[in-house]
2 protein chains.
Amino acid sequence: MNNYCGTSRIAGCQFTLYPMSDNFVDIILSALNEVDTSKVWKDTDDVSTCIRGKMVHIFDVTKAIFLHAAKTGEHVAMSGTFSIGCPGDTDADVYMDETDHPLNEEKAASINQQAGCKFALYPMGREDYMDAIYEQIDLSKSRGVEVSHSHYATRLDGDVHHIFRAMEESFVSVQEVVSHVTMTFSISANSPSNK
Amino acid sequence: MNNYCGTSRIAGCQFTLYPMSDNFVDIILSALNEVDTSKVWKDTDDVSTCIRGKMVHIFDVTKAIFLHAAKTGEHVAMSGTFSIGCPGDTDADVYMDETDHPLNEEKAASINQQAGCKFALYPMGREDYMDAIYEQIDLSKSRGVEVSHSHYATRLDGDVHHIFRAMEESFVSVQEVVSHVTMTFSISANSPSNK
């Protein structure tokens, strides 16, 4: 169970991109085409995509796919679950040898996109899991995002880069003190309800 | 913290319906229009909808919304998180006085719709959470669904009624032994990848 303990534990994300458009196939394929996924293990079916590898690349790839889809101007959403330390994981070990340099940051950096996002952190196997959440997460330090609370989730509003950075920082903080952590998220851009 | 212990604890679901169509607004509104949500507390914003109340109505409403959207024949998906026993919950207590009769089952029963769904159960605050999952869930008894396993999730394929019944049975079983349980799901129908 301790195969991945230490500084480079394998992380993953099971996610789906949802373009609310007749052109959803093109939007998904062109977003994927613009994103370099060579540093993560990847598996896609008709329900979702799973990527696995180093944390830095998991966040880099999911953010880039969302940004390249959202820049079409269509109403697009993405939801999924980040996970680290799940007992029993073995696939994709080879991707842990990749360097930490994110492949998509440079190209994605120029895309300015506002979004709304709800996320929730679940530290597993700890009786004091609520304390782990409260102690580790200080979203007041998250620059560029407006933080609000709703049932079962925390809402972040702002630029997509800032939203993903706040989520990544929260996830990284909690997994430093809890072995198995999952984090659900649902992010939405260009919604007509928001105009 | 024990306000809701016993036979009628308040449950909830934070979910989003995603029609992959230019007509997404109409599909969402017409699905909502066909579903009776009067037995649950409901709050919607541009990212997601949250409903709260008795477990039976939470599953009844989410399934009915998905079915009424999917029957349009468009590629539609829904993802979300069911939750029960979250410490600190208070809203929507009044809805716990409703009877157990599901309001949408009769109308929804006639809709036959195949789908694929990935779900994951998270029993919170228990060091033996993996055991809680394995002991309580016996999907081999779930009629009408094909069960397979993927990273971070269990996949169910079959009729939407059977899929939701399998998820509800799993959720009900685990919350009987663990106070705070969440369950993520992502369900997809009419995907062109599946034809």
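Letters A, B, ... are given to chains in the order of the sequence lines, protein chains preceding strands, and every chain is numbered from 1.
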State, without any angle test, whether [X] and [Y] hold a side-chain donor-acceptor pair at a distance under 3.5 Å.
X: A:Asn190; Y: A:Gln114; result: no
X: B:Thr81; Y: B:Gln14; result: no
X: A:Lys42; Y: A:Thr37; result: no
X: A:Thr184; Y: A:Tyr152; result: no

Applying a strict 4.5 Å limit to non-hydrogen atoms, the region of A:Ser48 in contact with chain B is both

inquiry  = Just so I understand: if I count every heavy-atom pair under 4.5 Å between each of B:Asp43, B:Asn23, B:Thr182 and chain A, which residue has the most?
reply    =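 Counting heavy-atom pairs under 4.5 Å, the top option is B:Thr182.
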
Inset, instruction - Go through B:Ile187, B:Thr16, B:Asp45, B:Val76 and name the one with the most non-hydrogen pairs under 4.5 angstrom from chain A. - result: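 When all of B:Ile187, B:Thr16, B:Asp45, B:Val76 are compared, B:Asp45 has the most.
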
Flag the one option from A:Ser188, A:Ser21, A:Pro19 with the top tally of heavy-atom pairs under 4.5 Å to chain B.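 Of the candidates given, the most pairs with chain B belong to A:Ser21.
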
